[in-house]
Amino acid sequence: MPLDERIITEAIVDEYFAKFKSSLDLDVAIVGGGPSGLTAARLLAADGFNVALFERKLSLGGGMWGGGMTYNVIVVQEESVHLLTDVGVPVKRYKDNYFTADAVGATTTLASAACLAGAKVFNCMSVEDVVLREVDGGKRVTGIVINSSPVEIAGLHVDPVVLGCKYLVEATGHAVEVLHTLVKKNDVKLNTPSGGIEGEQSMWAEVAETNTVKNTREIFPGLYVAGMAANASFGSYRMGPIFGGMLLSGEKVAADIAAKLRG
């Protein structure tokens, strides 16, 4: 059958901007498309909330793609296996409490499951700032400031645009990019021992995995931290290529925010 290139363009533009316009007022904006962000997006969308995930890179998955040192197998512990098997990722028992999965299969399946649950994904899009408002006598995050990643990478002076959200999840990993911007630009205190970003410590997988979940919480009104961003914010350790804590962190932040949204 004949094809019209203009109609192809029209279809892309119509569908993309319908998705974009439906994200102007989000229940939850998630920054970072790693395992914790993808898990949170899937669970919140499945609960019926208006959720969008923003990833600076072209591809999703964060550090999960490469497993350990590009050996593309990941390890998870028993408590987190359900978050892979629930979406159809094959998992193998290696030893007691150690399970393995193909890194590429796990990453692509988590991404697909989030999309199929109704989460809207915007890749090649950077969150360069947040929106603050005075709410109930204090400052609160009420939106995100976004720009095209190619614009950011090229260093072009192009103004961003704003999307509103009831809650924001910082899941950018080690860099904690959104939180650093919030603290740098504004005279605010975080819900941490020092009131600032505590910083990441060196490798200690056992403690880091436990603390990834423990540190997943609201760090500033309207702003939650999840995944490695939670440990970097609260001063805990890194864990390397074991991803159970990341998945459980996504599950926890989804449950906590869902409870808040339901009132």
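The figures here come from the full heavy-atom set of this structure, side chains too, leaving out hydrogens, waters and symmetry mates. Quantities reported herein were computed from a predicted structural model and do not represent experimental measurements.
- A heavy-atom distance below 4.5 Å is found between the side chains of Phe20 and Val161.
- By the 4.5 Å heavy-atom criterion applied to side chains, Arg133 and Arg140 are not counted as neighbours.
- Remark: side-chain polar atoms of Glu251 are not paired, donor with acceptor, to backbone N or O of Ala255 under 3.5 angstrom.
- Residues Leu190 and Leu223 share a single hydrophobic cluster, defined by chaining ILVMFWY side chains whose heavy atoms lie under 4.5 Å apart.
- Heavy-atom neighbours of Glu79 CD from other residues, nucleotides or ligands within 6.0 Å: above the threshold of 12.
- Put simply, the side chain of Asn191 never gets that close to the backbone of Ile219: no donor and acceptor are under 3.5 Å apart.
- Inter-residue side-chain proximity for Met246 and Met228 is flagged as met; some heavy-atom pair is nearer than 4.5 Å.
- Lys166 places none of its side-chain heavy atoms less than 4.5 Å from the side chain of Leu26.
- Not a single donor-acceptor pair under 3.5 Å links the side chain of Asn147 to the backbone N or O of Ser126.
- Side-chain contact check for Leu53 versus Phe122: every heavy-atom pair is 4.5 Å or farther apart.
- Contact annotation: the side chain of Val178 never approaches that of Leu182 to less than 4.5 Å [non-hydrogen atoms, C-beta and beyond].
- The residues Glu218 and Lys260 are annotated as salt-bridged, a charged nitrogen and a carboxylate oxygen being separated by less than 4.0 angstrom.
- Tyr94 contributes atom OH, which lies 13.5 Å from atom CZ of Phe99 (distance to the nearest 0.5 angstrom).
- Of the possible polar contacts, none joining the Thr107 side chain to the Val104 backbone as a donor-acceptor pair under 3.5 Å is found.
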Original post:
Can you check side chain to side chain donor-acceptor pair (under 3.5 Å) on Lys57 and Ser149, steps first, answer last?
Top reply: CA-CA 7 Å; Lys57 296 179 181 178; Ser149 294; over 6 Å; no

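- In terms of modelled atom types and a separation under 3.5 Å, the side chain of Glu55 and the main chain of Leu60 share no donor-acceptor contact.
- A continuous path of Ile, Leu, Val, Met, Phe, Trp and Tyr side chains, each step under 4.5 Å between heavy atoms, connects Tyr16 with Leu24, placing both in one hydrophobic cluster.
- Closest heavy-atom contact between Val89 and Ala101: CG1-CB, 4.1 Å.
- Counting only distance, with no hydrogens or angles, the side chain of Glu170 and the backbone of Leu179 share a donor-acceptor pair below 3.5 Å.
- In this structure, CH2 in Trp204 is found 9.0 Å from OG in Ser236, a value given to the nearest 0.5 Å.
- The number of heavy-atom neighbours closer than 6.0 Å to OH of Tyr98, taken from other residues, nucleotides and ligands shown, is 12 or below.
- In this structure, Thr172 contributes its side chain and Ala175 its backbone to no donor-acceptor pair below 3.5 Å.
- Between the side chain of Asn211 and the backbone N or O of Lys214 there is no donor-acceptor pair closer than 3.5 Å.
- Across Cys124 and Pro150, no two heavy atoms sit closer than the pair O-CD, 3.9 Å.
- Within a 6.0 Å sphere centred on CE of Met203, other residues, nucleotides and ligands contribute more than 12 heavy atoms.
- Counting heavy atoms of neighbouring residues, nucleotides and ligands inside a 6.0 Å radius, atom CD1 of Ile8 exceeds 12 of them.
- Using a distance-only test at 3.5 Å, with no hydrogens or angles considered, no donor-acceptor pair links the side chain of Thr109 to the main chain of Ala106.
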Subject >> Glu177 vs Thr181, side chain to side chain donor-acceptor pair (under 3.5 Å): CA-CA, chis, key distance, verdict >> reply: CA-CA 6 Å; Glu177 295 171 1; Thr181 299; over 6 Å; no

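- Checked for salt-bridge contact, Asp47 and Arg262 meet the test: a charged N lies under 4.0 Å from a carboxylate O.
- Note on Lys19 versus Glu15: no salt bridge recorded, every NZ/NE/NH1/NH2 to OD/OE distance being 4.0 Å or above.
- Side-chain atoms of Glu206 and Thr210 form no donor-acceptor pair, as typed in the model, at a separation below 3.5 Å.
- The backbone N or O of Ser148 sits nowhere less than 3.5 Å from a side-chain atom of Arg56 that would complete a donor-acceptor pair.
- Using a 4.5 Å heavy-atom cutoff, the side chains of Val76 and Leu247 are in contact.
- Side-chain contact check for Leu38 versus Pro35: every heavy-atom pair is 4.5 Å or farther apart.
- In summary, of the residues considered (Thr216, Thr39, Asn231, Thr212), a side-chain hydrogen bond (donor to acceptor under 3.5 Å, both in side chains) with Ser249 occurs for Thr216 alone.
- Taking a cutoff of 4.0 Å between a charged side-chain nitrogen and a carboxylate oxygen, Lys185 and Asp129 qualify as a salt bridge.
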